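Because the structure is predicted, anything quoted here is derived from the model rather than measured.
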Amino acid sequence: MNPSNEYIKHICDLYNDYYDDRIEESNPPTAGNNPKTAGEDWRPGVLAAHKSLVAFQKELEEEGIRLSTSKIKKILVTGGCWTTARSRQVQELYDRYTKEGVRDEDDPDTAGKILTAAEAVERISKELRISKVSVSVNIPYQDVVYKLEQRSKNAIRCARYRKKKRG
């Protein structure tokens, strides 16, 4: 399910900031599992310029909005509020593969082939040696990306818990 533009705007408005590592020259403020450091950057004891995704997740929960940090990051990426070297790299490759086609001098059979969203995610995952879920989180919302078979470990645990709870 693709969230509405209004919902994405709402979450971005609640975040009320933009993270761009080209400006910040710092690691993304994703750390924060420890409540004492939630909202701090990667270096202990130094306040982050931005709240961590975990700190923002807790703020959202206080508003009655329950989202995983991955979902929050994807919404912020979609809303243009979150950009990192990795997200720019993933988006550039995704756009190239799905719009311009593959530039593969080593494999002339695939050169120029325009990939489907799922094929592009698979190729980027292998090329950058990251999970398909990590690729998906760094691509703005698009319907077809949700047809991936691989889910995050947390999503699998949640599904198992819901199934067990239902009986």
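- The minimum heavy-atom distance linking I75 with C12 is given by the pair O-SG, 4.0 Å.
- Here CD of E59 is found 11.0 Å from CD of E61. Values are rounded to the nearest 0.5 Å.
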Practice problem: Report the C-alpha distance between T78 and I139 in whole Å, list the side-chain angles of each, state the deciding distance to 0.1 Å, and finish with yes or no for side chain to side chain contact (heavy atoms under 4.5 Å, CB included). | Solution: CA-CA 7 Å; T78 303; I139 299 170; over 6 Å; no
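- For the residue pair Q91 and R88, no side-chain donor N or O sits within less than 3.5 Å of a side-chain acceptor on the partner.
- Ion pairing between K126 and E122 holds under the 4.0 Å rule for side-chain N and carboxylate O.
- A chain of hydrophobic side-chain contacts below 4.5 Å, direct or via other Ile, Leu, Val, Met, Phe, Trp or Tyr residues, connects Y15 to Y7.
- Put simply, the side chain of F56 does not reach to within 4.5 Å of the side chain of L67, judged on heavy atoms.
- Looking at heavy atoms from C-beta onward, V90 lies out of side-chain contact with V137 at the 4.5 angstrom threshold.
- You'll find the side chain of D13 stays beyond 4.5 Å of the side chain of H10, heavy atoms only.
- Side-chain contact between I65 and L14 is present, with heavy atoms from C-beta onward closer than 4.5 Å.
- Looking at heavy atoms from C-beta onward, T69 lies in side-chain contact with V54 at the 4.5 angstrom threshold.
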Practice problem: In sequence, state the C-alpha distance, the side-chain angles, and the governing distance for I114 and V102, and then conclude on side chain to side chain contact (heavy atoms under 4.5 Å, CB included). | Solution: CA-CA 6 Å; I114 294 178; V102 176; over 6 Å; no
Quiz item: Between I72 and W82, does a side chain to side chain contact (heavy atoms under 4.5 Å, CB included) hold up when you go through it step by step?
Solution: CA-CA 10 Å; I72 293 168; W82 187 278; over 6 Å; no
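- Side-chain contact between L76 and L53 is present, with at least one heavy-atom pair separated by less than 4.5 Å.
- Within the structure, salt bridge (charged side-chain N to carboxylate O under 4.0 Å, His left out) contacts touching residues 91-101 (residues at least two apart or in different chains) are E92-R96, D95-K99, E100-R103.
- The closest side-chain donor-acceptor pair between Y97 and E127 falls under 3.5 angstrom.
- Side-chain atoms of K74 come within 3.5 Å of backbone N or O of S136 as a donor-acceptor pair.
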Self-check item: Evaluation steps, side chain to side chain contact (heavy atoms under 4.5 Å, CB included), between L128 and Q89
Solution: CA-CA 9 Å; L128 299 181; Q89 181 183 33; 3.4 Å; yes
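- Interatomic distance, NZ of K113 versus CG of L115, reported as 5.5 Å (0.5 Å rounding).
- For N138 (side chain) and S134 (main-chain N/O), a donor-acceptor pair under 3.5 Å exists by modelled atom type.
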